[in-house]
Amino acid sequence: MPGQKIETGHQDTIHDVAMDYYGKRLATASSDNTIKIIGVSNSNSQPLATLSGHQGPVWQVSWAHPKFGSLLASCSYDGKVIIWREGNQNEWSQAHLFSDHKASVNSIAWAPHELGLCLASGSSDGNISIFTARTDGNWDTSHIDQAHPLGVTSVSWAPSTAPGALVGSGLLDPFQKFVSGGCDNTVKVWKLNNGIWKMDCFPALQMHTDWVRDVAWAPNLGLPKSTIASASQDGRVIMWTVNKEGDQWEGRVLKDFKTPVWRVSWSLTGNILAVADGNDNVTLWKEEVDGEWQQVTTVDF
């Protein structure tokens with residue numbers, strides 16, 4: 001398919017783009033302090049809405065699962081997390097504003113929908129917040145204080161089913177787990193135990209030699225192992241794998257890109273990884289039968 005150029009109307013750098021569940025709309029986050037909603041089809045695109053409410057660059061946007069309605073979360077340099085709700089078509093309003101963080105909020109991620117409406121955020125103040133919607137419309141908030149004391153750059157949820165659960169003896173209860181990356185050069189896995197978030201990897205995963213810029217937990221679709229990709233200022237992408245609950249995570253370098261790596265993103269099936277690097281390249285990687293990762297293509301712009 002040829003690439004489609006989309007005019008966003010932003011007045012400054014775009015930091016994030018997120019496609020909704022149905023692939024019909026894009027949300028974009030920009031240094032112009034706004035979010036744009038854009039309708040996309042095979043042949044054209046059209047601006048649908050501009051969301052204004054942040055007082056600083058907007059770093060990330062994330063769509064909630066449509067079973068919760070038309071909801072979008074955003075996070076900003078202004079220290080705020082905003083949850084936007086669409087009422088009438090293309091009419092958006094602020095449903096909730098969280099100002100728990102004392103510094104830039106760099107990353108947000110919705111939990112798998114099986115866990116309910118739940119959002120994690122990571123901030124330059126070193127803390128991670130987890131916001132969970134209650135049935136009465138209010139939100140419960142829990143914190144992981146000083147998760148990465150030098151600053152949290154990224155958060156990504158684990159699939160809600162344990163590795164191998166679909167091929168084992170019946171489905172297990174969904175569990176809550178996510179991964180974070182930070183300015184302390186580490187990757188950390190967190191798990192909810194009896195209502196308290198605790199680190200689930202000892203020690204922290206340490207192979208990077210500079211800031212971890214992004215982490216992405218692969219969908220497992222019942223596969224027998226968990227996989228996390230981490231991208232760093234040090235130019236490397238590392239694939240972390242663990243075979244079963246309680247085992248030690250093992251890290252392998254996917255590649256040294258010789259330039260900072262900004263983002264890593266999985267396909268819905270969890271078998272292709274997209275990597276965006278500082279040379280303005282996006283490459284796609286696939287795991288072969290022998291467990292080695294091969295570059296399958298470069299995305300042209």
Side-chain angles (χ1 to χ4, degrees), residues 8-18 20 25-38 48-65 68-87 90-111 116-134 136-157 178 180-183 190 197 211 213-215 262-263:
T8 64
H10 281 299
Q11 305 299 311
D12 207 334
T13 306
I14 296 170
H15 299 289
D16 194 26
V17 179
D20 76 356
R25 294 182 296 181
L26 287 177
T28 56
S30 169
S31 274
D32 67 9
N33 302 2
T34 71
I35 296 142
K36 302 276 189 184
I37 310 291
I38 299 158
L48 300 176
T50 299
L51 313 187
S52 302
H54 284 295
Q55 277 87 46
V58 187
W59 300 131
Q60 276 191 9
V61 282
S62 181
W63 296 90
H65 190 278
F68 303 110
S70 193
L71 292 176
L72 182 75
S74 60
C75 64
S76 166
Y77 180 79
D78 65 10
K80 295 181 174 61
V81 173
I82 297 178
I83 295 176
W84 309 83
R85 175 179 283 116
E86 185 182 28
N90 300 326
E91 290 181 8
W92 292 82
S93 60
Q94 291 187 27
H96 296 279
L97 188 149
F98 300 110
S99 48
D100 297 55
H101 290 291
K102 303 292 181 278
S104 173
V105 183
N106 303 317
S107 182
I108 45 171
W110 290 106
L117 191 59
C118 178
L119 184 77
S121 63
S123 168
S124 292
D125 64 12
N127 302 338
I128 294 171
S129 298
I130 299 95
F131 309 107
T132 306
R134 299 202 310 245
D136 64 5
N138 292 316
W139 293 73
D140 291 324
T141 305
S142 54
H143 302 286
I144 303 172
D145 290 328
Q146 297 305 288
H148 296 268
L150 299 177
V152 184
T153 57
S154 49
V155 288
S156 175
W157 288 84
F178 66 86
S180 62
C183 303
W190 307 90
W197 288 96
W211 288 19
R213 286 289 184 181
D214 198 21
V215 288
W262 300 112
R263 296 295 289 272

Next item on the list: Determine, using ring centers only, whether Trp139 and Phe98 are less than 6.0 Å apart.
Entry: yes
Backbone N or O of [Y] within a donor-acceptor pair of the [X] side chain at under 3.5 Å?
| X | Y | answer |
| --- | --- | --- |
| Ser76 | Pro57 | yes |
| Gln11 | Gly9 | yes |
| Ser30 | Thr13 | yes |
| Ser62 | Ala109 | no |
| Asn90 | Ala49 | no |

Below 4.5 Å, heavy atoms only, C-beta onward: do [X] and [Y] meet side chain to side chain?
| X | Y | answer |
| --- | --- | --- |
| Ser52 | Asn33 | no |
| Leu51 | Val58 | no |
| Leu117 | Phe131 | no |
| Ser31 | Tyr77 | no |
| Leu72 | Ile37 | yes |

On a heavy-atom basis, which atom in [X] and which in [Y] lie closest, and how many Å separate them?
| X | Y | answer |
| --- | --- | --- |
| Cys183 | Trp211 | O-CD1, 3.5 Å |
| Ala95 | Arg85 | CB-NH1, 3.5 Å |
| Gly53 | Gln94 | CA-NE2, 3.6 Å |
| Ile128 | Gly122 | CG1-CA, 4.4 Å |
| Gly182 | Thr153 | N-OG1, 3.7 Å |
| Val155 | Ala120 | CG2-O, 3.9 Å |

Note to self: Working note: Ile144 + Phe178, criterion side chain to side chain contact (heavy atoms under 4.5 Å, CB included); need CA distance, chi angles, decisive distance, verdict.
What the structure shows: CA-CA 12 Å; Ile144 303 172; Phe178 66 86; 3.7 Å; yes
Next item on the list: Kindly write out the residues that satisfy side chain to side chain donor-acceptor pair (under 3.5 Å) with Gln146, not counting sequence neighbours, or none if the list is empty.
Entry: Asn127
Output the distance between atom [atom1] ([X]) and atom [atom2] ([Y]), rounded to the nearest 0.5 Å.
| X | Y | atom1 | atom2 | result |
| --- | --- | --- | --- | --- |
| Thr28 | Lys36 | OG1 | NZ | 7.5 Å |
| Asp100 | Lys80 | CG | NZ | 11.5 Å |
| Ile108 | Ile83 | CD1 | CD1 | 8.5 Å |
| Trp84 | Trp63 | CH2 | CH2 | 12.5 Å |
| Ser123 | His148 | OG | NE2 | 12.0 Å |
| Ser74 | Trp59 | OG | CH2 | 13.0 Å |

Next item on the list: Carefully, step by step, assess Asn106 and Ser124 under the rule side-chain hydrogen bond (donor to acceptor under 3.5 Å, both in side chains).
Entry: CA-CA 7 Å; Asn106 303 317; Ser124 292; 3.0 Å; yes
Checklist line | Residue Trp197 excluded, over 12 heavy atoms near CH2 under 6.0 Å | finding: yes
